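Along the sequence shown, residues carry numbers from 1. Predicted model, so just to flag it, every value in this text is computed and none were measured. When a ligand or atom number is given, it counts from 1 through the structure's own listing order. All values below were derived from every heavy atom in this structure, side-chain atoms included, with hydrogens, water molecules and symmetry-related copies excluded.
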Amino acid sequence: MPSNLFLHLPDGDADLSSVYESLQRLQAPPSYGVGDVFPEAGELAGLFFGDSGGDDTPAETSLLRTAAEQEFADTGYSPYSFLRDQPITYGGRETFDVQAIRRDFPILHQKVNGKDLIWFDNAATTQKPKQVIDAIRRYYESDNSNIHRAAHTLAARSTDGYEGAREKVRRFINAPSAEDVIFVRGTTEGINLVAQTYGRKFIQSGDEIILSTLDHHANIVPWQQLAKERGAKLLVIPVNDRGEVILEAYESLLSPRTKVVSFAQVNNTFGTVLPAKTMVAMARRYGARVLIDGAQSIPHTPVDVQELDADFFVFSGHKIYAPNGIGVVYGKKELLELIPPWQGGGNMIRDVTFEETTFSAPPHKFEAGTPNVADAIGLGAALDYVSRTGVRCIEKYEHYLTEYAREALGRVDGVRLVGNPRERVSVVSFIIQGMPVPEVGSLLDKEGIALRAGHHCAQPALRALGVEATVRPSFSFYNTTDEIDRLVEAVRRIAARG
Ligand code: PLP
C-alpha cells in the first residue's frame with residue numbers, strides 16, 4: 001500500500017539542511033525516498049516522503065511516523081501522514097488531516113441511494129466548505145448592499161468586501177495589481193470577454209488563432225465564432241496517444257500570422273498538465289498574445305501569472321470551492337487599458353451624455369451593472385481556505401490520490417484507462433469494455449458515487465484518443481483512498497457483468 005508522510009515546517013525559513021540530516025537518521029523503510037522540499041512562504045510548507053513504488057505496510061508507515069515525531073519533537077515541525085487517510089495530531093497542533101477537512105464540507109455527509117455519498121465530480125464542480133457558506137451568509141445577514149454608488153455604511157462594507165476579494169485573488173495568482181483582476185461569471189464568460197474585446201479589436205482577416213486539441217468547448221467555441229466573424233483561421237495543436245500536446249507541432253504552427261494562442265493549462269479529460277510557461281515563451285517569439293484557461297489548473301497547482309507571463313489568465317470560482325457564478329479574468333495592465341469595454345451600463349462609466357460616454361479605468365470598465373458581490377466574497381473565503389490548507393500540500397495529496405486510483409482501476413479486468421500523460425493531476429478517464437459509458441455512470445450513482453460519464457465538453461480531446469466518451473472520476477483534497485477503494489470495487493462488479 002503506497003503511503004506518504006509530510007512534514008509541516010513552521011515557516012518558509014526552516015533550516016532545510018538540518019531537516020534533511022534528521023530525515024537521514026530516521027532509518028525509513030527502504031521503499032521510502034525523501035522527496036521534494038517546499039520552502040514556500042506560510043505555515044504549511046511541507047516535506048514529502050515519496051513512496052517509490054514499494055509495498056509498504058501500514059505498520060511500516062506507522063513506524064516511520066513515530067520515528068519522525070521523535071526526531072522532530074523539539075523543532076516544532078509536524079509530521080503528518082496520508083496513510084489510509086488517518087489523521088495525525090502532533091504537539092496538540094492541528095495538521096493537514098483529511099478527516100478534519102471533510103468536516104468542513106457539510107454536503108459530503110449524506111447518503112445518496114442509501115450509500116455514503118462519494119463526490120468524484122470535482123472537475124465539473126467542487127463542494128463548498130462551511131467557511132465559504134458562512135462568509136456568504138454573513139454578507140447577506142449583515143452587509144448586503146449595492147457597491148460603489150451609495151454613500152452609506154452598508155455600501156462601504158460591501159465595497160470593502162468586494163474589493164477585498166479582488167485583492168485576495170491578486171495575491172493568490174500573484175498578479176501585479178488588483179486592478180488587473182476582473183470579476184466575471186466564470187471561465188466561459190471570461191474567454192468570451194477576451195475574444196469579444198481583444199479579439200474584435202485586433203484580429204483581422206487572415207490572422208491565425210492557435211488552440212489545443214485538449215481544450216474544453218469553452219475555449220473553442222468563442223474563438224471559432226470570432227474567427228468566422230473576422231475571417232481569421234483556427235489552428236489546432238495536435239496530441240500524441242498519451243494525451244499530451246506535441247510541442248514540435250505547436251512550433252510549426254506558430255508564425256507572424258499568429259495573433260492569439262489560447263489553451264487550457266490543465267486538460268479536463270485526462271488531467272494533462274500542459275507546459276504552459278514554455279508555450280507562452282514560444283508564442284512570444286512571434287509576438288502573439290496568450291490566454292491561459294485556468295479552470296482546471298487553479299484548484300490543483302500553484303499559479304503565478306507573472307511567472308507564466310500570460311497576457312490573460314481566466315478561471316471559475318466554482319472549481320476552487322467558491323460559489324457558482326463568480327470567476328476571474330486576469331489581464332496585463334497595458335492590454336486592459338488598450339481594449340474596449342465589453343458590456344455597457346452602470347458602474348463602468350466616468351461620464352455619460354447622449355452624445356458620448358467615457359469609461360472608468362480597468363477593472364471597472366469591464367464590470368458593467370451590479371456585480372456579484374456575495375459570491376466574490378465567497379471566492380475570497382475559498383482562496384483563504386485553500387491557502388491555509390497549502391496549495392503545495394493539496395497538489396501532493398491529490399497527486400497521491402490520482403496515482404492510487406490509476407493504479408487500482410488499471411488493474412481491474414475489462415477496464416481501459418484513456419490517456420496517460422506524464423504530467424497529470426486529479427483526473428482519471430476510463431472505459432469498461434462492452435459497457436456503455438452512461439450506463440456505468442448510472443450504476444455508480446446507485447452506489448452513491450457521483451462522477452462524470454460522457455464527453456466532458458471536450459469532444460475533440462476524446463476523439464483524438466479514439467473515444468466518444470469516458471467515465472471520469474476527478475479528485476479533490478477532501479477525497480480519500482477509502483472512497484477510491486469503494487469506486488474500484490464497484491467498477492470491478494460492473495466490469496464482471498459486462
Ligand atoms: N475550461 C476548462 C478546462 C474546463 O474544465 C471548464 C469546465 O469544466 C471550463 C473551461 C468552463 O468552465 P465554466 O463552465 O465554469 O465557465
Side-chain angles (χ1 to χ4, degrees), residues 119-128 169 173 182-196 211-225 236-237 239 243-245 261-276 279 290-301 303 308 310 312-330 342 372 375-376 378-379 382-383 398 402 419 421 423-429 450-462 464 469-476:
W119 186 258
F120 281 163
D121 202 10
N122 294 291
T125 201
T126 54
Q127 301 302 351
K128 319 305 169 201
V169 173
I173 61 174
I182 302 163
F183 283 124
V184 288
R185 274 195 301 137
T187 309
T188 303
E189 189 173 75
I191 297 171
N192 277 279
L193 183 154
V194 176
Q196 297 295 315
L211 310 177
S212 132
T213 305
L214 294 176
D215 282 325
H216 188 278
H217 298 167
N219 193 47
I220 300 174
V221 183
W223 295 114
Q224 206 167 48
Q225 289 171 319
V236 184
I237 311 169
V239 289
E244 299 166 326
V245 287
V261 176
S262 186
F263 62 90
Q265 187 176 11
V266 169
N267 153 267
N268 70 319
T269 50
F270 318 123
T272 315
V273 182
L274 279 73
M279 291 173 70
V290 183
L291 180 147
I292 295 182
D293 166 358
Q296 297 295 342
S297 57
I298 196 88
H300 305 300
T301 60
V303 167
L308 285 168
F312 301 100
F313 183 92
V314 181
F315 71 92
S316 303
H318 72 98
K319 309 261 191 208
I320 184 164
Y321 313 102
N324 289 343
I326 191 76
V328 166
V329 173
Y330 153 81
W342 184 31
N372 186 352
D375 293 328
L379 173 59
L383 298 183
E398 290 176 345
T402 310
E423 294 292 324
R424 58 193 177 212
V425 284
S426 214
V427 169
V428 180
S429 250
L451 45 62
R452 213 21 84 102
H455 61 54
H456 322 306
C457 299
Q459 289 178 312
L462 288 178
T470 63
V471 185
R472 183 195 68 179
S474 51
F475 308 109
S476 154

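Between Pro275 and Val245 the shortest heavy-atom distance is CD-CG2, 4.1 Å.
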Ligand 1: protein N/O within less than 3.5 Å of ligand N/O:
unit_1	atom_1	unit_2	atom_2	d
ligand 1	1 (N)	Asp293	OD1	3.3
ligand 1	1 (N)	Asp293	OD2	2.5
ligand 1	5 (O)	Gln296	NE2	2.7
ligand 1	8 (O)	His216	NE2	3.4
ligand 1	8 (O)	Lys319	NZ	2.5
ligand 1	15 (O)	Ser316	OG	2.7
ligand 1	15 (O)	His318	NE2	2.7
ligand 1	16 (O)	Thr187	N	3.4
ligand 1	16 (O)	Thr188	N	2.8
ligand 1	16 (O)	Thr188	OG1	2.6

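With a 6.0 Å radius and a threshold of 12 heavy atoms from other residues, nucleotides or ligands, Arg424 has its CZ atom above the threshold.
Between the side chains of His318 and Thr125, at least one donor N or O sits under 3.5 Å from an acceptor N or O. With no hydrogens or angles considered, a side-chain donor-acceptor pair links Asn219 and Ser262 at under 3.5 Å.
Note that CD1 of Ile173 is 6.0 Å distant from CZ of Phe315, once rounded to the nearest 0.5 Å.
For Phe120 and Phe475, the ring centers sit closer than 6.0 Å to each other.
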